[in-house]
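Below is one structure, written out as structure tokens, with a few remarks after it.
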There are 2 protein chains.
Amino acid sequence: MPNPQPSGDGSVAKAPTIKEVAAAAGVSVATVSRALNASGAVHGTTSAKVLAVARQLGFRPNLMGRNLRATRTRTLGVMLPTLNHPVFAECLQGIETQAQSHQQVIAVSTTGYQVDAEERASERLLQQRVDGLILTVADAAHSSVLDKLDAEGVPYVLVFNQPGGTQPSLAARPFVSVDNFLAGRQMVEHLLSLGHQRVHMLAGQFQQSDRSLQRFLGYQAAMSAAGLTWSQPLEVPFTTCDMRSELQDLLGRRSPPTALFCSNDQLAMTVIRDLRDLGLRVPEQVSVAGFDGVQVGEWLSPVLTTVVQPTAEIGRAAVDLLLQLIAGERYLGPALLHHTLRLGGTASQRAQQHQAGSVPPP
Amino acid sequence: MPNPQPSGDGSVAKAPTIKEVAAAAGVSVATVSRALNASGAVHGTTSAKVLAVARQLGFRPNLMGRNLRATRTRTLGVMLPTLNHPVFAECLQGIETQAQSHQQVIAVSTTGYQVDAEERASERLLQQRVDGLILTVADAAHSSVLDKLDAEGVPYVLVFNQPGGTQPSLAARPFVSVDNFLAGRQMVEHLLSLGHQRVHMLAGQFQQSDRSLQRFLGYQAAMSAAGLTWSQPLEVPFTTCDMRSELQDLLGRRSPPTALFCSNDQLAMTVIRDLRDLGLRVPEQVSVAGFDGVQVGEWLSPVLTTVVQPTAEIGRAAVDLLLQLIAGERYLGPALLHHTLRLGGTASQRAQQHQAGSVPPP
DNA sequence: GTGAAAGCGCTAACAA
DNA sequence: TTGTTAGCGCTTTCAC
């Protein structure tokens, strides 16, 4: 068993340094370093000896020393709003796996969609000297954090954020996402194709989620193109866990919506539960569609109708892009990954007559 | 706007060091350090001057330097099987929040329940010189990683793992979890109280999940105490996403179970979906209970019957305990947090006659 | 092929 | 109160 041993009294022998390995192997620290990293020329015999001694001593290189010297950490900072939402957790898993396969380490911070938390978290990560950042910010178009990163030339890649919206300029901020506008429009077109005409949108707060806004714009576009009137969205704080009174309001109107397009799956699933609590059947009386494609949506019955983002793939692509930027490669434009529609069972053909409205559909 | 500015050509002015701040402020680096950390005595005027210069220069302390010097990183390593399972993601969120509030940073690694990945990941975290580790291992009773940490005196806290099972010795490995045995027994007792007699268990593979085993032992205990015979559990790899053939097997037997106790929610929800796919009604024909209490279980209808663990709280408690251990406080025994039963709608009174069996219940 | 020495950025003795 | 200096562990010139 390799040293160091615990000293029995609870304290512990200090981890051996390269110096001690050098002493034990009877060579200089330079030689040890070269042998360990297979850098520079080292005699085979010497190298073997050093390696043997290092293993025997349980030597474990101290990355602080190495990184300080190299002014490079092989650490990627990750800053996300929350891990309680599966979409971010799954993305983080993708990031972590890909980072691991490139011998990178990740440092994770969550911000709860709060700009001041973004400020603090990014600062801490920069103090750590992460080589680059993967992050989702509340509003990528007006973000002091991104301004800072730009000003300091810190490489970063946005995930889920889609700055520039429908017209992402090639010169703009690097991001990896789906085309939220297009996806939103397609989902609403699907709802319209089912015969719905009064489609309403429930959305995360735009100030905290630019993608939510893009999806809404897609909704608007689809409605307008079909010659239908769109309504102001119901903006829902991401902390909301009960939508019943809002839904009662919405569906108690004279011309209540027959379909609800929710800007994320969490919202959609909450809505479905609350609708059922209110005695409304989904999709028979109200159709509901979400956005994200989190795995749990498939466990519902009926399966959640939603836009599926390649969440883990977004994370992996972000790592790849970030590593390119860190390596100094030129930014060639965002990675717009493909989404798909999952035509589950929570949105169906519009019923002939909606139960809640006193006015028949046009 | 603080320096450094980007140099226009894409390269970037190096971040200023304490040395440069010292030069600009006309003092020594020691004074800058003292002023910045409010350590030692510094004249008010000097301090103000230093702080002003530091801000103006956009100085950001390099934690590698600080940590190398302090042989301490204020970084907690976190090693979990996967973030795709909400129970771990929510726990990580709890860890991150609590760590942040103690000015600690976290480094995250996932292992996919693979022992060799645990080995590699822990080694990387130790090379990073994390101050301690929060981790879930496949088998806490026989873990080379934990043996290593013990041997080297690295502080760590297990989450979800419950080494020692029903009799955790005070001297044993530090952990934070619910009492999996007790919780499993109580859930099965609940099923029995609903009139079920043939309860079967579906479990994650014991080799990859000691909690799964504890929950099974609880099942055994409840069955035995009621004078019923327990069956071998159906062990399910955590990668399984379709249980239909297994369920057909199980329910096609002569005396099929009327209730299924699943060792985690993910499994339970998959099972419920697959049962419905097979044309079986839940809970009318088969009752299903889970374990974990992930949020999405509440979005199902009916709501998932399950054991609710205080997942985020487990994460927070783990951080607190780990920080105590790092501070050198003596380990006073595990934190066994309280679970609750969520009596949702997926488990109900046993039907008089089960449809699938040819043999009537005793 | 190997070693001596400088230095990455910071803190903490020790001096003044 | 402030400055000088050593050194945390490592890599990398530059000699030899």
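Here is how names work: the chains are called A, B, and so on, in the same order as the sequence lines, proteins then strands, and each is numbered from 1.
Listed by first then second residue, pairs satisfying ring pair (Phe, Tyr, Trp, His ring centres under 6.0 Å) with a partner in residues 101-133 of chain A read A:Y113-A:F238, not counting sequence neighbours. Residue pairs meeting the salt bridge (charged side-chain N to carboxylate O under 4.0 Å, His left out) criterion with at least one partner in residues 20-40 of chain A, sequence neighbours excluded, are A:K14-A:E20. A salt bridge (charged side-chain N to carboxylate O under 4.0 Å, His left out) check over residues 122-135 of chain A, counting only residues at least two apart or in different chains, returns the pairs A:E123-A:K148, A:E123-B:R60.
Residues forming a side chain to side chain contact (heavy atoms under 4.5 Å, CB included) with B:A22 (at least two apart in sequence, or on another chain): B:V29, B:V32. Applying the salt bridge (charged side-chain N to carboxylate O under 4.0 Å, His left out) test to A:R69 and every residue at least two apart in sequence or in another chain returns nothing. Under the ring-ring contact (aromatic ring centres under 6.0 Å, His included) criterion, A:Y156 pairs with no residue, sequence neighbours left out. The ring-ring contact (aromatic ring centres under 6.0 Å, His included) search around A:F175 returns none, not counting sequence neighbours.
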Hey, can you pull the donor-acceptor pairs under 3.5 Å for the side chains in residues 133-140 of chain A, sequence neighbours left out?
| residue | atom | partner | partner atom | Å |
| --- | --- | --- | --- | --- |
| A:T136 | OG1 | A:V159 | O | 2.7 |
| A:D139 | OD1 | A:A141 | N | 3.0 |
| A:D139 | OD2 | A:H142 | ND1 | 3.1 |

Solution key, residues 41-53 of chain B side-chain donor-acceptor pairs under 3.5 Å, sequence neighbours excluded:
| residue | atom | partner | partner atom | Å |
| --- | --- | --- | --- | --- |
| B:H43 | NE2 | B:T45 | OG1 | 3.0 |

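No donor-acceptor distance shorter than 3.5 angstrom exists from the side chain of B:N161 to the backbone of B:P163, with no hydrogens or angles considered.
Here the range on DNA chain C touched by chain A, meaning any atom under 4.0 Å from one of its heavy atoms, is C:dG1 to C:dG9.
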With B for base contact, S for sugar-phosphate-only contact and - for none (protein heavy atoms under 4.0 Å), nucleotides 8-16 of chain D reads BBBBBB---
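Axis orientation changes by 40° from one end of the helix from C:dG1-D:dC16 to C:dA16-D:dT1 to the other, with each end axis drawn from 5 pairs and the value rounded to 10°.
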